[in-house]
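Data first, discussion second: the structure below is written as structure tokens.
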2 protein chains.
Amino acid sequence: MSIKKTTLSILFKDLTFTDEEQDLIASKFELRKLKKGEILLHANDVVYHQYYVCNGCLRTYSVDKMGKEHTLQFAIKDWWISDYTAFFTSTQAIVSIECIQEATIYKVSRENMEVLFDKIPKLESFFRRKMEKSFANFQKRILGSLSMSAQERYNAFLNKYPDIEQSVKNYHIASYLGITTESLSRIRKKISKS
Amino acid sequence: MSIKKTTLSILFKDLTFTDEEQDLIASKFELRKLKKGEILLHANDVVYHQYYVCNGCLRTYSVDKMGKEHTLQFAIKDWWISDYTAFFTSTQAIVSIECIQEATIYKVSRENMEVLFDKIPKLESFFRRKMEKSFANFQKRILGSLSMSAQERYNAFLNKYPDIEQSVKNYHIASYLGITTESLSRIRKKISKS
DNA sequence: TTAATTTATTATCCTACATCAATTTTCACA
DNA sequence: TGTGAAAATTGATGTAGGATAATAAATTAA
């Protein structure tokens with residue numbers, strides 16, 4: 001069994017499991033190590049999996065027609081990541097997933113999720129709540145992009161991902177904020193002087 | 001029974017129902033007429049309902065600390081609307097819902113949704129799929145806000161909400177796009193000349 | 001450790017969109 | 001049907017953040 005009880009309690013927080021449930025979950029989760037720069041999912045691939053990040057850092061991003069990258073989100077320790085839009089419907093990914101800091105992850109397929117949901121219904125509510133939070137975050141992000149300046153968005157980013165700065169490049173942050181690295185540089189300078 | 005079979009088939013598309021199911025649904029849906037300017041939901045209210053738009057036009061928006069309005073989305077004929085972020089958890093709304101063109105809607109409470117899901121499971125999948133689509137739209141909107149110019153976003157808006165222009169004011173559209181009415185005016189002029 | 005390369009900063013100039021102010025157009029309703 | 005208010009347009013000017021280019025700092029490789 002690759003997953004220990006303590007690990008499970010981190011993954012699923014307040015949920016507790018019987019030994020059988022634990023074994024079943026363990027049999028469906030695959031542990032993987034990722035090197036920096038590795039692409040877990042390419043845009044246009046069909047999405048069969050979602051991933052739990054044990055440590056390290058990943059990001060989802062898309063490339064526009066000008067060749068510019070845009071970061072949709074980062075995932076650090078204890079976050080789940082996938083192209084959920086495509087994952088839900090097993091269709092082609094819009095975004096790619098890249099490892100930007102050496103990471104350990106658990107990989108679960110959509111199929112196996114169904115099996116788990118069927119056998120352990122509380123997992124289904126767990127993931128439903130996750131999705132609801134994710135939905136709420138997207139909503140807030142849209143409102144933020146409509147109402148906040150680049151500097152305010154940067155502060156919101158630091159709040160949302162504390163301690164992430166050492167894991168990601170400035171240009172990743174810039175591509176998340178929708179600005180250039182030069183602008184981010186100026187914002188950081190301005191903040192440091194105040 | 002306030003809802004007819006034909007109405008239900010519009011509401012739930014490809015789903016079909018027995019007479020009992022139909023009666024049950026009808027008993028949980030409340031028909032309402034809204035006047036232009038009516039506020040269906042105020043930010044900070046607890047959200048107990050979601051709404052189906054038969055005709056007319058509503059929008060969800062929030063007001064930032066500068067007093068500026070930002071439109072999160074519009075809902076026209078055959079759209080569902082609520083502050084889903086708050087609806088999911090019966091918590092306080094972040095956005096308000098305003099009727100911007102005289103409308104007829106169906107109102108359903110979260111509680112009654114649970115009853116319906118329990119008795120008619122296919123409704124639960126129906127709404128799950130709706131949410132997934134909504135999630136996907138939010139994701140696309142974020143990527144759009146990162147990668148597109150105001151003019152491109154305006155075109156994307158026209159695509160997403162065809163025939164909506166006669167229902168909404170320019171300043172509603174502007175507040176959806178994250179620009180001023182003046183800028184929108186210039187964009188429209190530019191487009192009309194090309 | 002140095003050299004090579006990647007990343008971040010800074011400076012200059014530029015552009016998309018904002019702000020403010022003045023009209024013009026549209027629309028509600030008396 | 002005319003009139004006042006709301007909405008949209010236009011113009012002048014300002015500004016946040018973009019583009020380009022040069023330099024500096026930090027990583028990585030050798």
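Below, read A as the first sequence line, B as the second, and so on, with proteins coming before strands; counting in each chain starts at 1.
If you take CG of Leu177(B) and C1' of dA16(C), they are 14 Å apart, rounded to a whole angstrom.
Phosphate contact (OP1/OP2 of dT7(C), side-chain N/O of Tyr171(A), threshold under 4.0 Å): present. Contact check, Asn170(A) against dT9(C): a side-chain N or O comes under 4.0 Å of OP1 or OP2. Using a 4.0 Å cut-off, some side-chain N or O of Arg188(B) falls inside it from OP1 or OP2 of dT9(D). OP1 and OP2 of dC17(C) both lie 4.0 Å or more from every side-chain N or O belonging to Thr180(B). Checking the phosphate oxygens (OP1, OP2) of dA8(C), no side-chain nitrogen or oxygen of Thr181(A) falls inside 4.0 Å.
For the pair Gln151(B) and Lys36(B), both in contact range of DNA chain C, the more 5′-proximal nearest nucleotide belongs to Gln151(B). If you find the closest nucleotide of DNA chain C to Lys169(B) and to Glu182(B), the one lying nearer the 5' end belongs to Glu182(B).
Here dA12(D) is the nucleotide among dA19(D), dT9(C), dA12(D) with the atom lying nearest to any side-chain atom of Arg186(B). Nearest nucleotide to the Lys189(A) side chain, out of dA11(C), dA8(D), dG18(D): dA11(C).
Formation of a donor-acceptor pair under 3.5 Å by the Tyr154(B) side chain with backbone atoms of Ile187(B) is not found in this model. Within the 3.5 Å criterion, the main-chain N or O of Ser145(B) finds no donor-acceptor partner in the side chain of Arg153(B).
Heavy-atom contacts from other residues, nucleotides or ligands closer than 6.0 Å to CD of Glu102(A) number 12 or fewer.
Among the atoms of the strands shown, base atoms are found under 4.0 Å from some heavy atom of Ser185(A).
The residues Glu132(B) and Arg128(B) are annotated as salt-bridged, a charged nitrogen and a carboxylate oxygen being separated by less than 4.0 angstrom.
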